S.K.: 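Take a look at the following structure, please.
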Amino acid sequence: MKTFRILSLVLLTAIAFVACKKDDPAPTPAPTKTELLTEKNWKAIALTVSPALVLDGVPYTDIYAQMDACSKDDLSQFKTNGQILYDEGPTKCSDSAPQVQTGTWLFSSGETEIIVTDADHISYKYKLLELTATQLKVQYETLGADGKTYTFTVTHTKQ
């Protein structure tokens with residue numbers, strides 16, 4: 001009889017713990033690409049080109065290393081309304097340049113490309129290589145004066 005009481009007590013205790021278990025909260029949905037892109041400002045931290053650009057007889061693949069410091073602190077901000085703001089950052093390259101310029105952006109090709117149109121209505125198509133909570137990596141191509149197609153890759157970090 002004593003064994004029956006102990007087993008009953010153990011069983012009731014187990015039932016009480018199971019019955020009192022709280023439901024796990026619903027998992028937070030992963031952010032959309034728009035949410036990732038529009039959350040904060042982006043600053044370029046790398047710019048490379050392939051094949052190498054030859055300037056004054058010297059081939060360059062790391063374009064970022066050749067950029068002026070005043071260009072390295074520029075920020076891009078994608079807004080949810082399709083507007084993009086380009087901010088010169090703390091150091092402007094030209095005092096007469098506006099601090100902020102505007103344009104528009106949109107996803108295309110199933111959110112694998114970003115089309116950006118600047119204030120002069122010139123559009124640029126960027127292939128989206130990576131978009132995370134901290135990094136944006138895009139690639140674009142351009143035809144050089146030498147007839148070669150150059151592929152530029154730009155890596156941004158979220159600010």
Side-chain angles (χ1 to χ4, degrees), residues 18 21-159:
V18 171
K21 182 182 176 194
K22 294 182 181 178
D23 290 336
D24 291 333
T28 304
T32 65
K33 286 185 178 181
T34 298
E35 290 169 336
L36 290 171
L37 191 63
T38 60
E39 186 180 28
K40 298 227 180 197
N41 292 329
W42 295 96
K43 182 169 90 171
I45 58 168
L47 172 59
T48 59
V49 64
S50 178
L53 268 175
V54 179
L55 304 171
D56 297 326
V58 179
Y60 294 97
T61 57
D62 184 356
I63 303 303
Y64 189 81
Q66 310 309 312
M67 291 171 49
D68 293 329
C70 62
S71 293
K72 291 180 178 180
D73 67 358
D74 293 357
L75 301 171
S76 298
Q77 183 181 25
F78 295 83
K79 305 290 238 169
T80 56
N81 66 0
Q83 185 180 44
I84 185 170
L85 306 176
Y86 299 105
D87 191 311
E88 286 285 326
T91 311
K92 289 174 62 174
C93 293
S94 170
D95 290 336
S96 62
Q99 181 66 40
V100 177
Q101 295 184 44
T102 62
T104 60
W105 74 273
L106 59 91
F107 280 119
S108 71
S109 299
E111 295 187 335
T112 62
E113 295 177 339
I114 301 172
I115 307 293
V116 174
T117 304
D118 66 17
D120 296 323
H121 306 289
I122 299 171
S123 293
Y124 305 89
K125 181 172 29 175
Y126 298 94
K127 181 179 177 183
L128 185 59
L129 300 179
E130 181 178 356
L131 178 57
T132 68
T134 59
Q135 188 162 303
L136 167 64
K137 192 173 193 177
V138 296
Q139 193 173 68
Y140 65 96
E141 293 182 343
T142 188
L143 186 62
D146 58 5
K148 292 181 183 176
T149 298
Y150 292 92
T151 302
F152 291 84
T153 304
V154 188
T155 303
H156 299 81
T157 187
K158 194 171 275 188
Q159 299 298 293

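Note that this is a predicted model, so its numbers are computed, not measured.
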S.K.: Give me the ring orientation class for W105 and F78: parallel if the planes are under 30° apart, tilted from 30 to 60°, perpendicular past 60°.
M.R.: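 Judged by the thresholds at 30° and 60°, the geometry between W105 and F78 is perpendicular.
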S.K.: Mark yes or no for whether K33, through its side chain, and E111, through its backbone, hold a donor-acceptor pair below 3.5 Å.
M.R.: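 Between the backbone of E111 and the side chain of K33 there is a qualifying donor-acceptor contact (under 3.5 Å).
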S.K.: Just wondering, do W42 and V138 contact through their side chains at under 4.5 Å, heavy atoms?
M.R.: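 SC-SC contact between V138 and W42 ruled out.
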S.K.: Below 4.5 Å, heavy atoms only, C-beta onward: do I114 and L37 meet side chain to side chain?
M.R.: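 They are in side-chain contact.
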S.K.: Working to the nearest 0.5 angstrom, can you tell me the gap between Y86 OH and D118 CG?
M.R.: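 Separation between the atoms: 6.5 Å.
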S.K.: Quick one: closest heavy-atom pair of S109 and E113, and the distance?
M.R.: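 Minimum heavy-atom contact is OG-OE1, 3.1 Å.
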S.K.: Going through the distances and angles, do V154 and L47 end up as a side chain to side chain contact (heavy atoms under 4.5 Å, CB included)?
M.R.: CA-CA 5 Å; V154 188; L47 172 59; 3.4 Å; yes
S.K.: Does any part of the side chain of K79, heavy atoms only, come nearer than 4.5 Å to the side chain of L85, both counted from C-beta?
M.R.: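 Heavy-atom side-chain distance check passes, below 4.5 Å.
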S.K.: Assess whether atom NZ of K40 is packed by more than 12 heavy atoms of other residues, nucleotides or ligands within 6.0 Å.
M.R.: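 Counting neighbours around NZ of K40, 12 or fewer heavy atoms of other residues, nucleotides or ligands fall under 6.0 Å, so no.
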S.K.: If you round to the nearest 0.5 Å, how far is CD of Q159 from NE2 of H156?
M.R.: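 The distance works out to 10.5 Å.
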S.K.: Using a 3.5 Å distance criterion without hydrogens, assess whether the side chain of Q99 forms a donor-acceptor pair with backbone atoms of G89.
M.R.: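 Yes, because the side chain of Q99 sits within donor-acceptor range (under 3.5 Å) of the backbone of G89.
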S.K.: Is the shortest heavy-atom distance from the side chain of L53 to the side chain of I63 under 4.5 Å?
M.R.: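 They are in contact (side-chain heavy atoms under 4.5 Å apart), so the answer is yes.
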S.K.: Once you round to the nearest 0.5 Å, how far does NZ of K137 lie from CG of L128?
M.R.: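 Rounded to the nearest 0.5 Å, the NZ-CG separation comes out at 11.5 Å.
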S.K.: Ignoring hydrogens and geometry, is there a side-chain-to-backbone donor-acceptor pair from D56 to V58 under 3.5 Å?
M.R.: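 Side chain of D56 to backbone of V58, a donor-acceptor pair under 3.5 Å: no, none is there.
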S.K.: Please give me the minimum heavy-atom distance between L36 and P31, naming the atom from each residue.
M.R.: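 Here L36 and P31 meet closest at CD2-CG, 3.7 Å.
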S.K.: Donor-acceptor pair, distance only, cut-off 3.5 Å: does the side chain of D120 make one with the backbone of I122?
M.R.: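 Not confirmed, D120 side chain does not pair with I122 backbone.
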S.K.: Show your reasoning for whether side chain to side chain contact (heavy atoms under 4.5 Å, CB included) applies to D87 and Q77.
M.R.: CA-CA 8 Å; D87 191 311; Q77 183 181 25; over 6 Å; no
S.K.: Tell me the closest heavy-atom pair linking D74 and K43, and the distance in Å.
M.R.: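 Shortest heavy-atom separation between D74 and K43 comes out as O-CG, 3.5 Å.
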S.K.: Working to the nearest 0.5 angstrom, can you tell me the gap between L136 CG and T134 OG1?
M.R.: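 Between L136 CG and T134 OG1, I get 10.5 Å after rounding to 0.5 Å.
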S.K.: Please name the pair of heavy atoms, one in Q83 and one in N81, separated by the smallest distance, quoted to 0.1 Å.
M.R.: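 Looking at all heavy atoms of both residues, the shortest contact is N-OD1, 3.0 Å.
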S.K.: Could you measure the distance from the CG atom of D73 to the CE atom of M67? Nearest 0.5 Å is fine.
M.R.: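 The distance works out to 9.5 Å.
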S.K.: Does D68 reach the main-chain N or O of C70 with its side chain, forming a donor-acceptor pair under 3.5 Å?
M.R.: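 No; judged by distance alone, with no hydrogens or angles, the pair does not exist.
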S.K.: Kindly give the heavy-atom pair with the smallest separation between K158 and T132, and that separation in Å.
M.R.: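 In this case the closest contact between K158 and T132 is NZ-O, 4.4 Å.
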S.K.: Report yes if some heavy atom in the side chain of S50 is under 4.5 Å from a heavy atom in the side chain of Y150; otherwise report no.
M.R.: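 SC-SC contact between S50 and Y150 ruled out.
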S.K.: Does a donor on one side chain sit under 3.5 Å from an acceptor on the other, for T32 and T34?
M.R.: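 Their side chains do not contain a donor-acceptor pair, so the 3.5 Å distance test is not met.
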S.K.: Evaluate whether atom NZ of K72 has more than 12 neighbouring non-hydrogen atoms of other residues, nucleotides or ligands under 6.0 angstrom away.
M.R.: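 Atom NZ in K72 is crowded, with more than 12 foreign heavy atoms closer than 6.0 Å.
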S.K.: Roughly how far, to the nearest 0.5 Å, is the CD1 atom of I115 from the OH atom of Y124?
M.R.: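 CD1 of I115 is found 12.5 Å from OH of Y124.
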S.K.: I need the minimum non-hydrogen distance between Y60 and V49, along with the two atoms involved.
M.R.: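 For Y60 and V49, the tightest heavy-atom pair comes out as O-CG1, 3.4 Å.
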S.K.: Under a plain distance cut-off of 3.5 Å, with no hydrogens placed, do T117 and S123 share a side-chain donor-acceptor pair?
M.R.: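 Short answer, yes.
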